[in-house]
S.K.: 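Provided herewith is a single structure, encoded as structure tokens, for subsequent inquiry.
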Amino acid sequence: MLNFQFYQKVKTLYGSGSVMQLGELLSSIGSKKTMIVCDTFMESTGVVDKMGKSLKDANVDYVVFNKVMPNPAASMVEEGAEICNREGCDSVVAIGGGSSIDAGKGINLLRFNAPPVLQYENPEVEMKLSLGLITIPTTSGTGSEASDGIILSDDNHLKHPILAPNAMSEYCILDPDLMIGMPPRLTASTGFDALTHCIEAYSSTLENGLIDFFVEKGIETVVKWLPIAVQDGSNLEARGKMAVTSSVGGWMLGYGHVHAGHSIAHVIGAFFDVPHGSACSWSEPYALEFNAPAMPGKVKKIGEFLGVKFQGNETPEQIGAMTRDAFIYFRDEVVKAPKAKEYKYDESKFEEMAREIENEL
């Protein structure tokens, strides 16, 4: 059986100001009316109004759906899809962070497929090809604009990952100008999401030389440029470097996927409603330490990217511990990312969380 390991389905416009090409892009694919999917904050920034001008100039009508919340709910996606279909929209534009983009993916999926959306978590359920989705990330973390996954929450706030190669973005606009306003905490949190995507694709059982070529550069880029983006949010070069790395990390999710670090982070986020990138930053060093005996060479290389100077005679366990410590130092002392103790948590939930993590693995 042929198992092709490399392709890029998402056509990407990149560069400062590229968001103003949205109208031209929609016109080029024959769209007459689109739904803009976002949250209320994004709408309040004025970016949606600027997009609207681009659309009007291109004679493309639009409707705004602004009900996206963090950890988007399946019920919200189904509400958006109902409005989208009732309004006769022939495309979807999702702008914002990973929550808005995942919501847009789900809404566009339901333009071509029947609800409920969570049934598509089962790979046995047929998912028809869902074209006409344009994604515009405003954070540098999830890489959802280039990935083949959708993560939605149910009524109990549990997350459901949907593998959706037939509901990916058809186009992406990657505009570093849109990331200038990200505050330091959000920059740090999303940056660690991008970093852990690269690290986990690099150290998963599905890794290969094609993946390594991209994610090695991704890890190196985050280590260099994330601290700069956190310290100086107006540094356009840093924003551009992080935007590209985030998108490449999302692309590589379709090949290397993720491992225990993300499984733990998903459960932490679901139980305590903390930003996904922050949860990844807390779980990843220990996942690396645990995995080191199985792949000491890869974990050692990650440690070297993080600044570890190995002598060459370390045991796999020592490699894991040194890489763990280097990750924690980079997180806490270099980037100064949000700490776990800054969020509310309930220790009585830990046993239940452990069972959920076991189920994810």
Side-chain angles (χ1 to χ4, degrees), residues 19-20 22-23 26 33-56 60-87 89 91-111 117 133-145 150-155 157 159-160 169 172-190 193 233 239 243 246 269-270 272-279 338 343-344:
V19 70
M20 298 310 295
L22 175 62
L26 282 167
K33 186 174 185 178
T34 194
M35 170 177 269
I36 298 175
V37 178
C38 62
D39 57 25
T40 54
F41 172 77
M42 183 54 57
E43 189 175 25
S44 73
T45 64
V47 172
V48 174
D49 289 338
K50 290 180 181 178
M51 292 164 56
K53 181 181 184 308
S54 173
L55 296 176
K56 288 177 182 177
V60 178
D61 197 6
Y62 69 96
V63 60
V64 176
F65 181 73
N66 66 357
K67 295 187 178 182
V68 177
M69 300 290 286
N71 302 313
S75 57
M76 177 272 297
V77 164
E78 288 163 6
E79 178 187 354
E82 184 180 341
I83 295 170
C84 185
N85 291 325
R86 186 171 68 238
E87 290 282 340
C89 298
S91 63
V92 171
V93 175
I95 180 167
S99 293
S100 292
I101 292 177
D102 277 359
K105 284 180 173 180
I107 290 170
N108 196 62
L109 183 155
L110 294 179
R111 288 205 303 120
V117 69
L133 174 64
I134 298 171
T135 52
I136 308 173
T138 60
T139 64
S140 301
T142 69
S144 185
E145 70 277 3
I150 305 172
I151 298 178
L152 301 175
S153 298
D154 62 21
D155 293 338
H157 305 290
K159 293 188 177 184
H160 294 262
S169 309
C172 163
I173 297 177
L174 203 59
D175 187 342
D177 286 356
L178 298 177
M179 291 128 190
I180 290 294
M182 268 199 296
R185 284 175 63 89
L186 181 60
T187 299
S189 178
T190 56
D193 195 13
R239 292 299 191 190
S246 173
F272 302 130
D273 199 28
V274 301
H276 175 63
S278 292
Y343 296 89
K344 292 181 180 179

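All values below were derived from every heavy atom in this structure, side-chain atoms included, with hydrogens, water molecules and symmetry-related copies excluded.
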S.K.: So do the side chains of Thr135 and Ser144 get within less than 4.5 Å of each other, counting heavy atoms only?
M.R.: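 Thr135 vs Ser144: side chains apart.
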S.K.: Do any N or O atoms from the side chain of Lys33 and from the backbone of Glu87 form a donor-acceptor pair under 3.5 angstrom?
M.R.: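 Such a contact is found between Lys33 side chain and Glu87 backbone.
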S.K.: With a 3.5 Å distance limit and no angle check, can you tell me whether Ser54 reaches the backbone of Gly23 through a side-chain donor-acceptor pair?
M.R.: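 It does hold such a pair.
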S.K.: Please report the closest heavy-atom contact between Ala94 and Ser100, naming both atoms and the distance.
M.R.: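 Heavy-atom minimum between the residues: CB-O, 3.6 Å.
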S.K.: Return yes if a side-chain donor-acceptor contact under 3.5 Å exists between Thr139 and Thr190, otherwise no.
M.R.: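 No - no donor-acceptor pair under 3.5 Å links their side chains.
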S.K.: Could you report the tightest heavy-atom contact between Asp39 and Val68, atom names first, then the distance?
M.R.: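 Answer, listing the atom of Asp39 first, then Val68: CB-O, 3.3 Å.
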S.K.: Where is the tightest heavy-atom contact between Gly233 and Arg239, given as atom of each residue plus distance?
M.R.: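 Gly233 and Arg239 have their closest heavy atoms at O-NE, 2.9 Å.
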S.K.: So Asn66 and Val48, side chain to side chain contact (heavy atoms under 4.5 Å, CB included) or not? Walk me through it.
M.R.: CA-CA 10 Å; Asn66 66 357; Val48 174; over 6 Å; no
S.K.: To the nearest 0.5 Å, how far apart are CG in Asp175 and CG in Leu22?
M.R.: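 With rounding to 0.5 Å, CG (Asp175) is 11.0 Å from CG (Leu22).
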S.K.: Indicate yes or no for a side-chain donor-acceptor contact from Ser140 to the backbone of Ser246 under 3.5 Å, with no hydrogens or angles considered.
M.R.: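 Such a contact is absent between Ser140 side chain and Ser246 backbone.
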S.K.: Report yes if some heavy atom in the side chain of Pro137 is under 4.5 Å from a heavy atom in the side chain of Leu174; otherwise report no.
M.R.: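 Pro137 reaches Leu174 side chain to side chain.
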S.K.: Measure from the side-chain N and O atoms of Lys50 to the backbone N and O of Val19, and report whether any donor-acceptor pair falls under 3.5 Å.
M.R.: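 It does not hold such a pair.
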S.K.: Please find the pair of heavy atoms, one from Glu145 and one from Ser169, that lie closest to each other, and give the distance.
M.R.: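 Taking Glu145 first and Ser169 second, the nearest heavy atoms are O-OG, 2.9 Å.
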S.K.: Rounded to the nearest 0.5 Å, how far apart are CE of Met42 and OG1 of Thr138?
M.R.: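 Interatomic distance, Met42 CE to Thr138 OG1, rounded to 0.5 Å: 3.5 Å.
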S.K.: OG1/Thr187 to CD1/Ile180 distance, rounded to the nearest 0.5 angstrom?
M.R.: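 Between atom OG1 of Thr187 and atom CD1 of Ile180 there are 9.5 Å.
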S.K.: Measuring from Ile134:CD1 to Ile36:CD1, what's the distance to the nearest 0.5 Å?
M.R.: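 So the CD1 of Ile134 and the CD1 of Ile36 are separated by 10.0 Å.
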S.K.: Would you please name every residue forming a ring-ring contact (aromatic ring centres under 6.0 Å, His included) with Tyr343, sequence neighbours left out?
M.R.: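 Testing Tyr343 for ring-ring contact (aromatic ring centres under 6.0 Å, His included), a comparison that skips the adjacent residues, returns Trp282.
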S.K.: What's the spacing between Lys105 NZ and Ile150 CD1 if we round to 0.5 Å?
M.R.: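 If we round to the nearest 0.5 Å, Lys105:NZ and Ile150:CD1 are 6.0 Å apart.
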S.K.: Is there a side-chain contact between Val77 and Leu110 in this structure, where contact means two heavy atoms from C-beta onward sitting under 4.5 Å apart?
M.R.: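 The answer is yes, as the side chains (C-beta and beyond) meet within the 4.5 Å cut-off.
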S.K.: Please determine whether side chain to side chain donor-acceptor pair (under 3.5 Å) holds for the pair Ser153 and Asn71, giving the CA-CA distance in whole Å, both sets of side-chain angles, and the decisive distance to 0.1 Å.
M.R.: CA-CA 6 Å; Ser153 298; Asn71 302 313; 5.1 Å; no
S.K.: Among side-chain atoms of Arg111 and Ser91, is any donor-acceptor pair under 3.5 angstrom?
M.R.: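 Short answer, no.
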S.K.: Quick test of your reading: applying salt bridge (Lys or Arg N to Asp or Glu O under 4.0 Å), list the pairs with at least one residue in residues 65-79, sequence neighbours left out, ordered by first then second residue.
M.R.: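 Pairs touching residues 65-79 that pass the test: Lys67-Glu79.
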S.K.: Nearest 0.5 angstrom please: Thr142 OG1 to Ile151 CD1, how far?
M.R.: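 Answer rounded to 0.5 Å: 9.0 Å.
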